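The next block holds one structure in the form of structure tokens; read it before the comments.
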Amino acid sequence: MLRDTFDENTPPTDDPEYISSLAAAIFKAMQSGDDDAVWLMQGWLFAYDPYWQPPQMCMLHNFAGNVEMYGFLDSVGSGPVEARVSKNSTMVGVGMSMEGIEQNPVAYDLMSEMAFQHNKIDVMVV
């Protein structure tokens, strides 16, 4: 399940007990519907706020559905692997912030593929 509790919002308090109790209540509700529930959270939402500093590899490719063919495919083909094998990495997967996806399927297809890659992909090979 994907639950972004503070989607582009700052919590009303930075008290760890409040944040912890809120997270516990949400997860308990998730488990009431599925004993094997897994909580996935896109931490990029909090990158602008100094309170939130989670390490992750997530692609936010487009804002507001702008129609253009662009994408840093070399970064997409190497960044997830570099992050996963970097010193002290705890990364276990990749994510995508799916906003305005109807404009460049190549970028989204490549990022989806990176979840299964152990080596960088040279996107310049023709």
Side-chain angles (χ1 to χ4, degrees):
M1 298 186 141
L2 179 62
R3 297 287 179 255
D4 290 335
T5 312
F6 296 106
D7 184 2
E8 300 180 5
N9 296 297
T10 302
T13 177
D14 63 358
D15 177 19
E17 287 186 32
Y18 170 78
I19 302 295
S20 179
S21 68
L22 183 61
I26 292 168
F27 193 64
K28 183 178 178 183
M30 291 168 54
Q31 288 181 313
S32 72
D34 181 352
D35 291 336
D36 297 321
V38 175
W39 187 351
L40 302 176
M41 189 171 205
Q42 295 180 355
W44 73 269
L45 296 171
F46 312 121
Y48 68 92
D49 190 325
Y51 180 77
W52 304 105
Q53 306 251 339
Q56 72 277 315
M57 172 55 70
C58 185
M59 180 179 79
L60 174 59
H61 178 255
N62 192 340
F63 289 100
N66 295 310
V67 179
E68 299 178 48
M69 285 296 283
Y70 65 92
F72 298 102
L73 296 181
D74 55 340
S75 295
V76 175
S78 62
V81 173
E82 289 172 354
R84 190 170 42 249
V85 300
S86 65
K87 185 177 180 180
N88 299 322
S89 174
T90 58
M91 184 179 141
V92 295
V94 299
M96 291 182 281
S97 300
M98 307 295 278
E99 184 171 335
I101 64 171
E102 293 84 16
Q103 37 62 36
N104 191 345
V106 173
Y108 293 96
D109 187 57
L110 179 58
M111 189 61 167
S112 297
E113 181 63 30
M114 294 312 295
F116 305 99
Q117 293 298 315
H118 298 284
N119 298 306
K120 297 177 192 179
I121 294 177
D122 184 355
V123 298
M124 301 306 288
V125 174
V126 178

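This one's a predicted model, so the numbers in the text were calculated from it and none came from an experiment. Numbering starts at 1 and runs along the sequence shown.
The side chain to side chain contact (heavy atoms under 4.5 Å, CB included) test applied to S89 returns S86, M91, not counting sequence neighbours. Partners of Q117 under the side-chain hydrogen bond (donor to acceptor under 3.5 Å, both in side chains) rule, at least two apart in sequence or in another chain, are E113. Every salt bridge (charged side-chain N to carboxylate O under 4.0 Å, His left out) that E82 has, sequence neighbours left out, goes to K120. For the side chain to side chain contact (heavy atoms under 4.5 Å, CB included) test, residues two or more places apart in sequence or in another chain that qualify with D122 are M124, V125.
Legend: side-chain hydrogen bond (donor to acceptor under 3.5 Å, both in side chains) pairs involving residues 17-33, not counting sequence neighbours: none detected.
Linking Ile, Leu, Val, Met, Phe, Trp and Tyr residues whenever their side-chain heavy atoms come within less than 4.5 Å places I19 and W39 in a single cluster. Under the 4.5 Å side-chain heavy-atom criterion for ILVMFWY residues, no single connected hydrophobic cluster contains both I121 and V85.
Distance check: N119 CG to M114 CE gives 9.0 Å after rounding to the nearest 0.5 Å. The OH atom of Y108 sits 12.5 Å away from atom CG of L110, with the distance rounded to the nearest 0.5 Å.
Residues L73 and A107 approach most closely at CD2-CA, 3.8 Å, considering heavy atoms. Taking all atoms of both residues into account, the shortest heavy-atom contact from S75 to P80 is O-CD, 3.8 Å.
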